[in-house]
Amino acid sequence: MSDTTFAADIHKGLTAPLKHISSKYFYDDIGSGIFQDIMKMPEYYPTPCEFEILSLQGEQIIQKLDFQGAFNIVEFGAGDGIKTRQLLKKLTEQGADFSYVPIDISSKALEELEIGMREHLPGLKFEPMVGNYFSMMEELAGSTVPCLFLFLGGNIGNYEINEVNALLSGFGKNMKPGDKLLTGFDLQKNPATIRCAYDDPKGITKAFNINLLHRINRELGGNFNTNQFDFYSHYNPINGEVRSYLISLAPQKVFIKENDHTYSFERNEVIWTELSKKYTLSEIEKTAENNGFKVVEHFLDCKHYFTDSLWEK
Ligand code: AVI
């Protein structure tokens with residue numbers, strides 16, 4: 001079945017002066033599988049760093065929550081939940097009275113998450129919500145139970161600054177005084193370390209990007225010849241931005257049936273596919289302040305590559 005929003009976004013992106021495809025389209029079933037492979041690559045440090053933070057500093061994070069009685073842990077886009085499970089395990093061991101409320105637009109993703117959680121934490125109160133973040137937060141806003149909101153994995157780095165502010169201020173509007181938000185931010189570090197994480201020698205990240213073209217072929221009846229596109233990723237240590245691109249290797253035309261449109265590409269023309277912004281601690285603090293939050297504490301891994309930053313409304 002074709003998706004009209006996807007088709008319209010692709011048309012808009014491929015007819016813009018700087019061609020682009022939103023990174024949210026990476027995550028069809030195949031792309032999500034490739035992302036799992038990325039997270040296992042030795043070069044992709046964010047996953048083990050955040051795992052370390054949640055495994056070793058769970059107790060300190062819990063102490064800072066300062067919640068009395070029952071509370072909710074609400075997670076935006078939990079993925080496989082392996083990192084979150086480290087924190088939930090600590091809470092369970094301490095006998096905390098909490099419900100885990102993962103929010104996702106995919107009910108399939110939530111069903112898979114539940115299987116993994118139940119296997120490891122059989123007594124967990126698992127109360128999934130299917131929908132978009134803001135409407136689900138509005139539903140939760142009526143409850144008097146304090147909430148810890150989780151936005152982990154460094155996903156915030158994939159948003160441009162205006163989107164970051166819209167997202168965080170939207171979160172803030174739906175939070176009660178005393179509610180907390182724990183957000184994963186990838187930190188600026190040796191540029192070579194970052195470059196290797198986003199341009200791996202086995203070409204897994206390239207396959208992740210090329211899958212966008214396969215997805216257009218599959219779902220929108222495109223005729224991209226994916227051998228005629230390469231992948232290029234660039235880290236700018238001045239502004240902390242990794243920007244990734246697909247590069248057209250030849251002058252070529254691509255027809256997308258769903259849009260009944262032919263798109264032209266020049267040799268070496270780029271399609272921008274992803275922003276992955278790396279932050280400094282002072283940028284994180286400014287971002288919190290600009291959106292009405294107070295930083296409670298930054299929890300960093302031992303290499304200081306990544307932080308889960310705890311904020312209060
Ligand atoms: C999901 N997101 C935080 C990943 C990142 O690091 O920006 C997506 C990714 N793109 C390339 N490698 C991983």
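Everything numeric here is computed off the predicted structure, so don't read it as measured data. Start at 1 with the first residue, then count along the sequence. Order of appearance sets the numbers: ligands from 1, and atoms from 1 within every ligand.
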| field | Donor-acceptor under 3.5 Å (Glu163 side chain, Glu160 main chain) | value | yes
| task | For this output row, return yes or no: ring centroids of Phe255 and Tyr263 closer than 6.0 angstrom. | result | no
| task | Please report which non-hydrogen protein atom sits nearest to atom 4 (C) of ligand 1, along with the residue it belongs to and the distance in Å to one decimal place. | result | Tyr44 OH, 3.3 Å
| said: Show the atoms of ligand 1 that are less than 4.0 angstrom away from any heavy atom in Gly153. | reply: 3 (C)
| message | Please tell me whether Phe171 and Phe293 form a close aromatic pair, meaning their ring centres lie under 6.0 Å apart. | response | no
| note | Within the 4.0 Å heavy-atom cut-off, what Phe26 brings close to ligand 1 is neither
| Is a side-chain donor or acceptor of Asp308 paired with a backbone partner of Leu182 at a separation under 3.5 angstrom? | no
| message | If the cut-off is 4.0 Å to any non-hydrogen atom of Gly154, which atoms of ligand 1 fall inside it? | response | 3 (C)
| Does some non-hydrogen atom of Gly157 fall short of 4.0 Å from ligand 1? | no
| request: Record the part of Asn158 in heavy-atom contact with ligand 1 below 4.0 Å; permitted values are side chain, backbone, both and neither. | output: side chain
| task | Determine, using the 4.5 Å side-chain heavy-atom cutoff (strictly less than), whether Phe306 and Ile156 are members of one ILVMFWY cluster. | result | no
| task | May I have the step-by-step check of side-chain contact (heavy atoms from CB on, under 4.5 Å) for Glu219 and Asp28, ending in yes or no? | result | CA-CA 10 Å; Glu219 294 181 29; Asp28 66 347; 4.3 Å; yes
| Under 4.0 Å to a heavy atom of Tyr27 - the qualifying atoms of ligand 1, by number | 1 (C), 8 (C)
| message | Less than 6.0 angstrom separating the ring centers of Phe76 and Phe134, yes or no? | response | no
| Is the shortest N/O to N/O distance between Thr205 and ligand 1 below 3.5 Å? | no
| query | What protein heavy atom sits nearest atom 12 (N) of ligand 1, and how far away is it? | reply | Tyr198 CE2, 3.6 Å
| said: Any side-chain to backbone donor/acceptor pair from Asn291 onto Thr287? Under 3.5 Å, distance only. | reply: yes
| task | Please could you name the atoms of ligand 1 that Glu274 approaches to less than 4.0 Å, counting only its heavy atoms? | result | 7 (O), 8 (C), 9 (C), 10 (N), 11 (C)
| Going by the atom numbers of ligand 1, which of them fall below 4.0 Å from some non-hydrogen atom of Phe208? | 10 (N)
| message | What I want to know is whether Ser276 and ligand 1 share at least one N or O pair that is separated by under 3.5 angstrom. | response | yes
